[in-house]
Amino acid sequence: MAKVLVVTGGSRGIGAATARLAGGQGYAVAVNYKSSAEHAQSVVADIVSKGGKAVAIKADVSLAEGARTLFAETDAQLGPVTALFNNAGIVHPHRAIHEYDDDQLAEMWRVNVSSQFLCAGEAVKRMSTAHGGQGGVIVNMSSAAARIGGAGGMLSYAASKGATDTFTQGLAIDLGPQGIRVNAIRPGLIETEIHDSTGDLNRLERLVGQVPMGRTGTAEEIADVVLYLMSDQASYVNGALVDIGGGR
């Protein structure tokens with residue numbers, strides 16, 4: 001069976017690195033984006049230039065209609081989905097607990113939590129043996145913040161990733177009998193642009209001293225773990241929360 005991977009938020013950072021690596025490992029890749037069309041097309045071009053197959057698909061996966069669009073377009077352009085990397089996510093500028101408002105919290109839950117529910121639901125319709133599928137794999141993007149707590153201005157982000165951890169473990173129990181493995185990765189301090197969105201432009205430099213290995217990680221190092229979890233080498237790994245943080 002052909003390997004078809006959907007990467008939500010696949011135009012930059014860890015999503016882009018995973019899409020590129022998967023394209024080189026024989027996956028046909030749907031590179032999802034919401035607004036960064038140029039970056040998504042660049043990822044696709046990189047994959048295609050090396051003999052792989054990929055398409056860029058615009059969809060806001062924090063909404064049910066967007067998730068449906070993404071998977072319907074993937075069906076039409078690449079074929080049935082066999083793997084999902086639930087990577088789409090946001091952070092907000094640092095703020096104290098008394099500074100949050102309804103709109104900020106709603107956006108955080110919608111993008112970081114609802115998108116994973118909605119895309120997993122679409123994947124299950126296609127992959128579950130209970131729905132006539134051949135099985136598959138889901139990897140959810142969590143964060144070290146889920147266990148560290150997000151103190152110092154990232155409470156809402158950390159809480160959203162704590163929800164991802166619970167979602168992952170529950171979904172793994174539900175879907176294991178249906179031929180679908182579900183795991184999550186919890187990256188630590190990784191060199192991506194998302195840190196700039198916190199407003200703390202020196203965040204990596206400021207915190208790297210807390211990492212026992214003495215350095216930050218790269219998006220490519222995270223992608224290696226995502227593709228491992230999707231591979232047959234991880235055939236008995238289900239419901240795992242994999243920390244990738246250099247020991248922090």
Side-chain angles (χ1 to χ4, degrees), residues 5 7-25 27 29 31-47 49-50 54 56 85-95 108 111-112 115-116 139-158 160-162 164-165 183-230 241-248:
L5 168 64
V7 180
T8 66
S11 64
R12 301 187 185 194
I14 293 169
T18 301
R20 289 187 175 100
L21 182 61
Q25 293 187 9
Y27 284 87
V29 186
V31 180
N32 162 246
Y33 70 98
K34 179 182 175 183
S35 58
S36 301
E38 182 177 351
H39 290 95
Q41 292 293 351
S42 176
V43 174
V44 168
D46 286 346
I47 294 170
S49 71
K50 296 175 181 176
F85 182 28
N86 256 331
N87 168 74
I90 58 169
V91 298
H92 284 146
H94 286 175
R95 52 175 51 91
M108 182 65 72
V111 177
N112 288 11
S115 69
Q116 296 195 353
V139 177
N140 294 326
M141 174 62 83
S142 182
S143 170
R147 57 181 173 76
I148 294 172
M154 296 187 69
L155 287 170
S156 64
Y157 176 78
S160 74
K161 295 306 182 180
T164 292
D165 288 358
N183 297 290
I185 56 168
R186 300 200 291 191
L189 296 175
I190 309 302
E191 299 164 11
T192 68
E193 297 175 3
I194 196 170
H195 297 281
D196 294 345
S197 299
T198 68
D200 183 355
L201 300 183
N202 297 313
R203 185 169 186 271
L204 294 179
E205 293 83 355
R206 182 170 55 81
L207 297 177
V208 70
Q210 300 177 12
V211 181
M213 290 182 67
R215 67 172 179 86
T216 52
T218 68
E220 289 73 21
E221 288 176 307
I222 306 304
D224 284 334
V225 180
V226 175
L227 268 294
Y228 164 73
L229 290 171
M230 291 180 177
L241 307 176
V242 183
D243 291 315
I244 321 170
R248 176 174 178 262

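All values derive from a computational prediction rather than experimental measurement. Below, each value reflects all heavy atoms present in this structure, side chains not excepted, and no hydrogens, waters or symmetry copies.
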Non-neighbouring partners of Ser160 that pass side chain to side chain donor-acceptor pair (under 3.5 Å), sequence neighbours left out:
Asn112
Donor-acceptor under 3.5 Å (Gln116 side chain, Asn87 main chain)
no
Pairwise side-chain contact, Ile222 with Asp224, heavy-atom cut-off 4.5 Å (strictly under):
no
How close do Ala146 and Gly162 get, heavy atom to heavy atom, and via which atoms?
CB-N, 3.7 Å
Are the side chain of Lys161 and the backbone N or O of Met141 linked by a donor-acceptor pair below 3.5 Å?
yes
Gly9 and Ala88 have their tightest heavy-atom pair at N-CB, 3.9 Å
Taking all non-hydrogen atoms of both residues into account, name the closest pair between Ser142 and Ala184 and its distance.
CB-CB, 4.3 Å
Minimum heavy-atom separation for Ile90 to Tyr157, with atom names?
O-CD1, 3.3 Å
How close do Val226 and Thr18 get, heavy atom to heavy atom, and via which atoms?
CG1-CG2, 3.8 Å
Any Leu227 side-chain heavy atom under 4.5 Å of Gln25 side chain
yes
Report the distance from atom CE of Met108 to atom CE of Met154, rounding to the nearest 0.5 Å.
7.5 Å
Quick one: are Asn86 and Val139 in side-chain contact, heavy atoms under 4.5 Å?
no
Gap separating the NZ atom of Lys34 from the OG atom of Ser11, nearest 0.5 angstrom:
12.0 Å
Test side-chain contact (heavy atoms from CB on, under 4.5 Å) on Arg248 and Ile148; report intermediate values, then the result.
CA-CA 9 Å; Arg248 176 174 178 262; Ile148 294 172; 3.6 Å; yes
Less than 4.5 Å apart, side chain to side chain, heavy atoms only: is that true for Phe85 and Met230?
yes
Just by modelled atom types, is the Glu38 backbone N or O under 3.5 Å from a matching donor or acceptor in the Ser42 side chain?
no
State which residues pass side chain to side chain contact (heavy atoms under 4.5 Å, CB included) with Ala54; sequence neighbours excluded, sorted by chain then number.
Val29, Val44, Ile47
Check: Arg186 and Asp165 side chains under 4.5 Å, non-hydrogen atoms
yes
Are Arg147 and Asp243 ion-paired here, with the side-chain N under 4.0 Å from a carboxylate O?
yes
Test applied, side-chain contact (heavy atoms from CB on, under 4.5 Å); reference residue, Ile185; option that passes from Leu229, Leu241, Thr164
Leu229
Mind checking whether Ile14 and Thr192 have side chains closer than 4.5 Å, heavy atoms only?
yes
If we ignore hydrogens and angles and just use 3.5 Å, is the side chain of Thr8 paired with the main-chain N or O of Asn32 as donor and acceptor?
no
Taken in chain and number order and not counting sequence neighbours, the residues that satisfy side chain to side chain donor-acceptor pair (under 3.5 Å) with Thr218 are Glu221
Shortest non-hydrogen pair, Ala145 vs Ala158, comes out as O-CB, 3.4 Å
Pair Val211-Leu189, side-chain contact (heavy atoms from CB on, under 4.5 Å): steps then yes or no
CA-CA 8 Å; Val211 181; Leu189 296 175; 3.9 Å; yes
With a 4.5 Å cut-off on side-chain heavy atoms, are Val7 and Val31 touching?
no
Euclidean distance, Ser36 OG relative to Arg12 CZ, rounded to 0.5 Å:
4.0 Å
